[in-house]
Number of protein chains: 2
Amino acid sequence: MSLRHAILGILSIQPMSGYELKKVIDESVGHFWTADQSQVYRTLAGLVADGLAARRTVVQEERPNLHLHSATGPGLAELDRWLASPLPSQPTREPFLARLFFADRMPPEEITELLDTRRRDVRAQLAALEAIAVPAESAETGQVLRLATLAYGIAHAKAELDWLDDTRRRLERSTP
Amino acid sequence: MSLRHAILGILSIQPMSGYELKKVIDESVGHFWTADQSQVYRTLAGLVADGLAARRTVVQEERPNLHLHSATGPGLAELDRWLASPLPSQPTREPFLARLFFADRMPPEEITELLDTRRRDVRAQLAALEAIAVPAESAETGQVLRLATLAYGIAHAKAELDWLDDTRRRLERSTP
DNA sequence: GTCAAATATATGCATCCGCATATATATGCG
DNA sequence: CGCATATATATGCGGATGCATATATTTGAC
């Protein structure tokens with residue numbers, strides 16, 4: 001349940017509406033966390049119910065009213081508590097590996113195709129990350145950290161492309 | 001919902017009980033997929049209810065009876081359909097990056113500690129993977145693929161250790 | 001002029017999942 | 001003798017989540 005905390009984190013930087021929050025999530029933490037629109041609103045409602053976020057209705061003309069949310073004192077405390085709490089350290093689920101593990105039920109061409117599809121996906125991810133990972137203007141810690149989360153994705157993507165080459169070579173030498 | 005398919009995949013290789021299945025999952029696909037005991041039993045019950053797996057009760061003396069499960073014809077067909085279906089290609093969630101992204105709320109020492117903890121975790125993961133990734137005796141496709149899933153984890157772990165070094169250096173040069 | 005997209009929020013429904021707990025028996029360790 | 005562990009299965013509870021859908025208005029494109 002890191003979405004609660006990711007939202008608290010974003011609200012700690014800047015108060016905003018659910019609508020705007022959804023866009024910010026997609027753009028800023030989208031490379032390591034995703035959330036449905038309804039999930040954003042529900043989580044936000046939960047935070048307000050628990051007193052971790054405050055909601056202020058802003059009446060707008062020519063547009064629907066919006067609820068401006070901000071992190072409260074207890075909200076910031078909870079954010080800091082979470083940051084300092086022990087890391088979960090459980091392996092992430094990899095649907096792609098689940099396929100690969102049983103892929104020998106398919107003919108060799110389709111195994112190759114599975115790997116090629118993955119290569120295209122990873123290449124696209126890599127390109128997307130490199131496009132937004134502009135070297136920080138400032139050496140501020142926050143900037144360095146946020147850039148580091150992008151560099152994480154880039155490093156993993158490059159490693160995976162190498163692994164794909166290697167795996168393809170090993171498969172070509174295998175007996176079906 | 002890849003657990004259904006992972007279980008079908010295992011049952012396609014060898015019929016077994018829920019109890020044994022849980023152990024096999026932990027040992028063979030545990031590095032990219034985990035499942036609670038109750039979840040294994042529930043998923044198995046679902047597969048049987050959908051006609052994708054068959055259940056045969058084996059009466060045992062000196063031990064509780066067991067339900068031996070095997071993949072049915074429709075079950076194997078579903079497994080193959082899944083293997084050939086398009087890859088989801090959504091980014092995996094990374095709770096660690098969620099922390100790092102907002103870690104500048106903490107004092108520098110605690111940011112360093114977060115990275116050090118992660119380094120220990122990744123090193124431990126790497127060691128565990130290398131311990132079980134014994135080079136295949138045979139060049140059979142299945143063996144090559146299963147070894148490749150371990151190599152995947154090893155490649156990613158090594159890349160992450162490099163990234164951790166890099167990130168630490170960049171942080172030391174940052175202004176708080 | 002109409003249809004789509006953007007702005008803005010919310011609920012219903014179903015699913016996946018982890019944790020805790022219940023049940024029953026055999027073996028082994030101290 | 002007692003307690004933990006292994007074998008074996010199952011349910012209850014609640015949380016996190018995605019998809020679909022509802023509502024209402026304005027702006028822009030064709």
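As rounded to whole Å, 13 Å separates atom P of C/dT11 from atom CG of A/Leu44. With rounding to whole Å, B/Ile25 atom CD1 is found 10 Å from C/dC17 atom P. Note: CD (A/Gln90) to C1' (C/dG18) measures 10 Å, nearest angstrom. Rounded to an integer number of Å, the gap from B/Glu20 CD to D/dT9 C1' is 15 Å. Rounded to whole Å, the distance from CG on B/Leu68 to P on D/dA8 is 11 Å. Taking atom CG of residue A/Asp36 and atom C1' of nucleotide C/dT15, one finds them 14 Å apart after rounding to whole Å. The interatomic distance linking A/His69 (NE2) with C/dA8 (P) rounds to 13 Å, in whole Å. Taking atom NE2 of A/His67 as the reference point, atom C1' of C/dT7 lies 13 Å away to the nearest angstrom.
Distances from the side chain of A/Leu66 to the nucleotides C/dA8, D/dT17, C/dG18 place C/dA8 closest. Ranking D/dT9, D/dG18, D/dA10 by closeness to the B/Tyr19 side chain, first place goes to D/dT9. Of the listed nucleotides (D/dT17, C/dC17, D/dT9), D/dT17 has the atom at the smallest distance from the side chain of A/Gln39.
In this structure a side-chain-to-backbone donor-acceptor pair under 3.5 Å is missing from B/Tyr152 to A/Leu164. In terms of modelled atom types and a separation under 3.5 Å, the side chain of A/Trp33 and the main chain of A/Ile25 share no donor-acceptor contact.
Proximity of A/Tyr41 to the phosphate of C/dT9: a side-chain N or O atom is located under 4.0 Å from OP1 or OP2. In this structure, A/Arg93 reaches the C/dG18 phosphate: one of its side-chain N or O atoms is under 4.0 Å from OP1 or OP2. A close approach under 4.0 Å does not occur between any side-chain nitrogen or oxygen of A/Arg4 and OP1 or OP2 of D/dT17. Dashed line: the shortest gap from a side-chain N or O of A/Ser17 to OP1 or OP2 of C/dT9 is under 4.0 Å. Here B/Lys23 reaches the OP1 or OP2 of D/dT7: one of its side-chain N or O atoms lies under 4.0 Å away.
A side-chain contact (heavy atoms from CB on, under 4.5 Å) with A/Val122 is found for one member of A/Arg119, A/Arg120, A/Arg118 and no other, namely A/Arg118.
Ion pairing between A/Asp166 and A/Arg169 holds under the 4.0 Å rule for side-chain N and carboxylate O.
Judged by distance alone, with hydrogens and angles left aside, A/Ser38 brings a side-chain donor or acceptor within reach of the base of D/dC19, the pair sitting under 3.5 Å. No hydrogens or angles were tested; on distance alone, a donor-acceptor pair under 3.5 Å links the side chain of A/Arg42 to the base of D/dG18.
A perpendicular orientation is assigned to the rings of B/His67 and B/His69, their planes being inclined by more than 60° (bins at 30° and 60°).
For C/dG30, the paired base is D/dC1 (Watson-Crick or G-U wobble, both distances below 3.5 Å).
Nearest-nucleotide positions on DNA chain D for A/Leu3 and B/Gln37 put B/Gln37 closer to the 5' end.
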